[in-house]
Protein chains: 2
Amino acid sequence: MASNPPAHLKPRKKPRQARATVTVDAIFEATIQVLLADGPQRLTTTRVAERAGVSVGTMYQYFPHKHALFYALNEHYLDVLAQKVESACQAQHGASINRMIDVLVTTYWNAKTERPEVTRALYRSVVELDNEPLIKEFARRLDAATAAMFASASDAVFADLPTVNLTLLTSIFGTVRGVFERNLPDPEASAVHRHLVLMCIAYLEAVKLPPRRAGGYDPAPRASSH
Amino acid sequence: MASNPPAHLKPRKKPRQARATVTVDAIFEATIQVLLADGPQRLTTTRVAERAGVSVGTMYQYFPHKHALFYALNEHYLDVLAQKVESACQAQHGASINRMIDVLVTTYWNAKTERPEVTRALYRSVVELDNEPLIKEFARRLDAATAAMFASASDAVFADLPTVNLTLLTSIFGTVRGVFERNLPDPEASAVHRHLVLMCIAYLEAVKLPPRRAGGYDPAPRASSH
DNA sequence: CCTCAAACTGAAGCATCCTTCATATCTTGA
DNA sequence: TCAAGATATGAAGGATGCTTCAGTTTGAGG
C-alpha cells in the first residue's frame, strides 16, 4: 500500500513459510530494539541479527543490505502513521474547522507520543540514505487527506487551500518534532500541544474567506453590511 | 561565548601561530565542504584532512576525535545564528507584536536560507552524538531573547508568556526545518514563510490579554463595555 | 644565525563492520 | 517416507575508518 521502493533497496524475497515470517518480524523488532538501546550509530547487522536471535546470513536472505532493512522499517512506520491520520481525517469530513484541527493535531500527536522512544529513535535515524522518497510519499498522502478534509469544512472556505494546508502540515509536523528534539517534559509538552491547536485555529480563522453574511474580520465586523 | 563543551569533546589546543589558525579554519571549511559534497555518512577524517590540504595527524592536534570537530562546527554555526536572532530581537523591543513576529520569522528564515545547502547538511548532521547540550543551550538563548522582546510589546500582554513563547519558537523552528526537509521549491517555500507569519500573528492576537479598554475578542467586541 | 617549541606528516595498528557462500537443517507435499 | 525447495548458519574475506606516534619541517624570539 505504500510507495514503490527504489530497486536497489527492495526486499530480496518475501517469507513463504511460517517460520520465515516469524524471522522477519523478529528482525524488525530487533532493529527497533537496537535503535533504542544503542542508537543509530551502533545499528549493526550483527547486533540486529543477534538480538533477533538469528544469524547474519538470515538477514541477508531478506534484505540485500542494511539500508534496505532500514528503509523497510521506516516505510512500515510511516505507513501506519499515515493510515491513522487518513482515517481520522476521513471521519471529520463536514465537521467544523475547530474540530478538524483538534482531531488532526491530537491524532498526530498521540501517534507520535504513544511510544516516544521509538519516535525519537526514528526521527534520529531518518538521516540515513535515501529515505527522501519515503518522506515525500508520506507528505503527499497526508497533504491529500487533510486538503480533502478542509475542503469539506462546514464553516469555512479558503481562498488558497493548498498553501493553507501546506503551512498547517509543515508547522504541525515541525512543532511535534521540535518537542521531541528538545525532549520537553510533560507539563510543557502538553501546553505546547494545547497551544498548537489554538495557533492553528487562530490561523484558519484569520485566512478563511468571510462566510456569506456576517463579515469575517475586516469590513464592518457584525453590523449588516452597508 | 557559547556553552561549555563536555570535557570529552573539547578542542585539544588552540592555535598559537598564524599558520595554525589558517589550518583550523581550513579544517572547518573542509568539513562543511565534505558534508555538502558527500553527505554526513562519508564525513571521514581522511576526507576532511585531504580537502583541507593537511594531514590527518594535524587534525588530531586540535580535535581529540571526529565528534569534537563536529561539535565545534555546530557550536559555531548555532552561535552565529543565535547572535543574529538575539540582536534582531533586541532591536524590536517596544515594537508591536506584528512587527516582532515578522522580524523574528524573517530573521530566522533568512539566516537559514542564506546558504541552503549548508543548512540542509547541518540539519542532517545534527543526528551525531551528544550535541543535545548544544541544542539545549541554543534554545535557552533564543527563549530568553524572544521572551524579553515579547514582554516589551507595546500592544499586548500575555497571561502565560513562557508557554506562548515556547509554542512560537517550537513552531517557527519546526516549520522552517520542515521546509528544508521536504525541499520545498521557492514559490511554495515563500508562501509558507508568509503564512507562517500570518499564523503566528493570529495566534498572538488570540492569546493576548484584552487591553485596558476595548475588549479583545470575547465580550462585546467594540461597543464600550456594559 | 641558532635554538626550541609549535606545527605538521602519513604509514601503520587496531577496531569495526558489511556481505558472501559453502554447508546444514527444516518443511512441505506427494 | 522421501525428495526438493525453503530457510538458517557463521566463519572468513574484503573494505573502510579512526587514531597514534616517531620523525620532519617551520617559525619566533633571542
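Residue numbers start from 1 in every chain, and the chains themselves are labelled A, B, ... in the order their sequence lines are given, proteins ahead of strands. Only this structure's heavy atoms are used, side chains among them; waters, hydrogens and symmetry mates stay out.
The separation between B/R42 atom CZ and D/dA15 atom C1' is 12 Å, rounded to whole Å. Look at NE2 on A/H67: it is 9 Å from P on C/dC18, rounded to the nearest Å. Atom NZ in B/K14 sits about 17 Å away from atom P in C/dA6, given to the nearest Å. Summarising the geometry, the separation between CD on A/Q41 and P on C/dC18 is reported as 12 Å, rounded to the nearest angstrom. Atom-to-atom, CZ of A/R16 to C1' of C/dC26 comes out at 17 Å; the value is rounded to the nearest Å. Here the P atom of nucleotide D/dT7 and the CZ atom of A/R12 are 14 Å apart, to the nearest Å. Here C/dC18 presents its P atom at 8 Å from CE of A/M59, a figure rounded to the nearest Å. Following rounding to the nearest Å, B/Y62 (OH) and D/dT20 (P) show an atom-to-atom distance of 16 Å.
Under the 30°/60° scheme for interplanar angles, the aromatic rings of B/Y203 and A/H195 are found to stand perpendicular. Ring geometry, A/F63 versus A/F28: the interplanar angle exceeds 60°, so the pair is classed perpendicular (tilted spans 30 to 60°).
Phosphate contact (OP1/OP2 of C/dC8, side-chain N/O of B/Y60, threshold under 4.0 Å): absent. Between B/T46 and D/dT16 there is no side-chain polar atom (N or O) within less than 4.0 angstrom of OP1 or OP2. Within the structure, a side-chain polar atom (N or O) of A/S55 is placed less than 4.0 Å from OP1 or OP2 of D/dT9.
Nearest to the side chain of A/Q61, among D/dT7, C/dT9, D/dT19, sits D/dT7. Of all nucleotides listed (C/dA7, C/dC18, D/dG10), C/dC18 comes nearest to the side chain of A/K66. Listed candidates were D/dT19, D/dA8, C/dT27. Nearest to the side chain of A/T58 is D/dA8. Nearest to the side-chain atoms of A/T45 among the listed nucleotides D/dT19, C/dT19, C/dT9 stands C/dT19. For A/T44, counting side-chain heavy atoms from C-beta on, the closest listed nucleotide (D/dG10, C/dC18, D/dG17) is C/dC18.
Looking only at atom types and distance, the side chain of B/N110 has no donor-acceptor partner in the side chain of B/T106 under 3.5 Å away.
In this model, a side-chain donor or acceptor of B/R19 finds a partner on the base of D/dT26 within 3.5 Å.
Contact annotation for A/F63: no contact, since no heavy-atom pair falls under 4.0 Å across all strands. Note on B/R47: only backbone sugar-phosphate atoms sit closer than 4.0 angstrom, heavy atoms only; bases stay farther off.
B/R182 has a carboxylate O that lies under 4.0 Å from a charged side-chain N of A/D143, or vice versa, which qualifies the two as a salt bridge. The residues A/R120 and A/E181 are annotated as not salt-bridged, no charged nitrogen and carboxylate oxygen being separated by less than 4.0 angstrom. Classification of B/R141 and B/E137 as a salt-bridged pair fails, no side-chain N sitting under 4.0 Å from a carboxylate O.
For the contact set between residues 28-37 of chain A and DNA chain C, defined by any heavy atom under 4.0 Å, there are no members.
Within 6.0 Å of CZ on A/R99 lie no more than 12 heavy atoms contributed by other residues, nucleotides or ligands.
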- Task: Assess whether side-chain hydrogen bond (donor to acceptor under 3.5 Å, both in side chains) is satisfied between B/E86 and B/Q90, documenting all intermediate values.
- Result: CA-CA 6 Å; B/E86 280 173 342; B/Q90 197 79 35; over 6 Å; no

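Residue-to-nucleotide proximity on DNA chain D shows that, of B/V56 and B/Q17, the 5′-proximal contact is made by B/V56.
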